[in-house]
Amino acid sequence: MAPLALPLSALLKHKDCLQKANAFCNVLQSLHHRPSASRSWKRSFGAVAHGAGQLLSHQPRSPNYAAPVCRSSSAGQDMPGRLWSVYNETKKQTEALIPAIFTNSINPDTIFANNEMSLRDTEIYGFDYDYTLAFYSRHLHTLIFNIARDILITNHRYPEGLRNYEYIPDFAVRGLHYDVQKGLLMKIDAFHYIQLGTVYRGLDPVPEEEVIAMYDGCHVPLENMSDFYGKSSHGHTMKQFMDIFSLPEMTLLSCVNDFFMRHNIDYEPEAIRDVHVKGIMYRAVEADIEKYICYGEQSHAVLKKLSEHGKKMFLITNSPFDFVDRGMNYIVGKDWRDLFDVVIVQADKPGFFNDRRKPFRRVTDKGALLWDRIHKLEKGKIYKQGNLYEFLRLTGWRGSKVLYFGDHIYSDLADLTLKHGWRTGAIIPELRKEIKIMNTEEYMHMMAWLQALTGLIEQMQVHRDAASQAVVEEWIQEREGMRSQTKDIFNPQFGSLFRTYHNPTYFSRRLSRFADIYMASISCLLNYDFQHTFFPRRTPLQHEAPFWPEHGPAGISVSSQHSRMNADSD
């Protein structure tokens, strides 16, 4: 597929190109019978005719059209009529551009770069287990919800009526914050602002006016945010849910809050603590492996490819050996341990990366713990706990030649990139679903018009007469409705994992800081050879012109981590 000379990221993200530039001037000119408006629109909107293959950045920007409009108004012309003419012509030309936009869809199997990184320099590959090598069916979340709900009732004497609640698969998204004092679940952006419309008390949304009153606006002060690992400790009132396993936990929290409110029962929201279900979950998964674990043929292919190319590999997971062994036998086969140079279970991450005190202990094939001092980490052997400092001393695997993959941005990746200089790869399974949504014509059409409409509003707000302001206010209301629609496309309650309208989410901010690369699954590595260098796209800053081309590897559609995440979606 021949890429557009300017990528969709330039087309959708950079509102500067729309907001301050040529399109609307040329639209006005078209009303005075200037035939070049359509061509100029495409230039200013950030795209070229499909297949043209040339940048248009050398063409000068048109002057601001606000002054000509004002002159026309003073001459007695109908200003609202002219505004609606600009609106209709802009919409028409936006719709004409959709076929060109649609050709630039993103391949969900792409690896996206936050930081330049070459596989040529990577000699050692490390992996987490859960949601990195092993992927689970949605049955597992229902299982976790049911186990935790029943523990609350049986062990903690919560009301029996809670059994009437069942897991809601699409209620929550990862990365949400929970105010443990107010009992509110919400989405917060990269600047600590609450996204209105995504605050839930129980299973019901909280009105915007109430949210603004409770938080004196929408901003959450830094001292109230969760700690470095997303926890609500040491005075922090917010807890962030970054683990994929936390989806049923968030749903249960909301169901419990819903029950107490509906039955007018006084309770303290912070009294609902984490319910430890892992032990029961492990046993249930082992008993019915085919129901809960998705067959890992591609994970096996990745490990085999790395082994054939002489790469060192290790596994560091918090899960116990029996659970990992059962799963890896299913995913890879009984010889799975032959692929790894080091296997560490029950590592207690993130403590593993910071606590120097815990020694390694060897685990037998039957799960028994040996107490001999460990002087060497041997291939084929299983080790428990330990710490990264001892790991580094025994292996010598240091710095940027090590690449570690995990799904939890805090527990798996943060310390490695901040303290130890390892390269990090985030596995984000939600990417595949969101990219498929963003590749739809409906979404692209909505984004293109939303951006164009935003540009119209920004430019036309200079007209302060009552009639013009009434027109602009109509556009603002239309824009607000469209923003809600884009949110609902991803998730009716909380929208996209990656964006709160035009801003990145707090989750996205942490992802970009702690992961050099990210992808939907480990299988994406199969699309690249071991000489490949990942380059982050030079996404223009707000004060820079968005006129840089993008190039993609053969077989992978042109894309970057910014191609859709920088669109004005939720």
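Position 1 is the first residue of the sequence, and the numbers go up from there.
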I244 pairs by side chain to side chain contact (heavy atoms under 4.5 Å, CB included) with which of Y136, Y131, F135?
Y131

Checking Y215 against N224: is there a side-chain donor and acceptor pair closer than 3.5 Å?
no

So does K436 have more than 12 non-hydrogen atoms from other groups sitting under 6.0 Å from NZ?
no

If you measure only the distance, is there a donor-acceptor pair under 3.5 Å linking the side chains of T251 and S254?
no

For V256, run the side chain to side chain contact (heavy atoms under 4.5 Å, CB included) check against L252, D258, L253 and tell me which one passes.
L252

Student check: side-chain heavy atoms of Y330 and E290 closer than 4.5 Å:
yes

Is atom CD of E442 surrounded by more than 12 heavy atoms (other residues, nucleotides or ligands) closer than 6.0 Å?
no

Plane angle bin for Y167 and H141 - parallel if under 30°, tilted between 30 and 60°, otherwise perpendicular:
perpendicular

By side chain to side chain contact (heavy atoms under 4.5 Å, CB included) - contacts of A426 (at least two apart):
L413, I428, L511, A515, Y518

Do side-chain atoms of D412 reach the backbone of D407 as a donor and acceptor pair under 3.5 angstrom?
yes

Using modelled atom types and a 3.5 Å cut-off, is there a donor and acceptor pairing between side-chain atoms of K239 and backbone atoms of D179?
no

Partner of F314 under ring pair (Phe, Tyr, Trp, His ring centres under 6.0 Å), picked from F127, W422, Y129, is W422

Taking the six-membered ring of F360 (Phe, Tyr or Trp), confirm whether the NZ or CZ of K381 is under 6.0 Å from its centre and within 45° of its axis.
no

